[in-house]
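The structure appears right after this line, and notes come after that.
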Amino acid sequence: MIKYRKQNALEPEKDAEVSLNLTPLMFFGVGFLAMKALLRSIRRAS
């Protein structure tokens with residue numbers, strides 16, 4: 001999880017916070033690479 005917080009000392013109601021959760025992207029990437037490796041090994045075996 002990446003969090004970025006921008007604070008405005010003069011106008012506190014304009015504070016902004018952005019959070020980005022990269023966990024689903026990581027799971028997708030690992031699953032994609034695992035399936036790619038599995039398909040390559042199946043193609044080489046046959």
Side-chain angles (χ1 to χ4, degrees):
M1 169 103 46
I2 296 174
K3 284 188 179 181
Y4 171 75
R5 186 172 204 170
K6 183 179 179 184
Q7 293 180 325
N8 189 341
L10 297 175
E11 300 175 79
E13 66 275 0
K14 289 189 177 178
D15 287 357
E17 183 173 318
V18 176
S19 63
L20 180 63
N21 191 358
L22 296 176
T23 307
L25 183 62
M26 183 187 69
F27 278 116
F28 173 76
V30 170
F32 178 77
L33 292 176
M35 289 304 294
K36 197 172 175 181
L38 180 64
L39 290 174
R40 276 189 187 167
S41 65
I42 289 173
R43 283 185 187 167
R44 285 185 183 174
S46 57

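The analysis underlying the following values was restricted to heavy atoms, covering all of them including side chains, and did not include hydrogens, waters or symmetry mates.
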Is N8 reaching over with its side chain to a backbone N or O of E13, donor-acceptor style, under 3.5 angstrom? no
For K6, what residues pass the salt bridge (Lys or Arg N to Asp or Glu O under 4.0 Å) criterion, not counting sequence neighbours? none
What residues form a side-chain hydrogen bond (donor to acceptor under 3.5 Å, both in side chains) with Q7, not counting sequence neighbours? none
Please list all pairs passing the salt bridge (Lys or Arg N to Asp or Glu O under 4.0 Å) test where one or both residues lie in residues 18-28, with sequence neighbours left out. none
Side chains of residues 21-33: which donor-acceptor pairs under 3.5 Å do they make with residues two or more places apart or in other chains?
from	atom 1	to	atom 2	distance (Å)
N21	OD1	T23	N	3.2
N21	OD1	T23	OG1	3.0

Salt bridge (Lys or Arg N to Asp or Glu O under 4.0 Å): pairs with one or both residues in residues 22-37, sequence neighbours excluded: none
Contacts of type salt bridge (Lys or Arg N to Asp or Glu O under 4.0 Å), residue R5, not counting sequence neighbours: E17
Quick one: name the residues clustered hydrophobically with L39, using the 4.5 Å side-chain heavy-atom rule over I, L, V, M, F, W, Y, and just say none if it's on its own. none
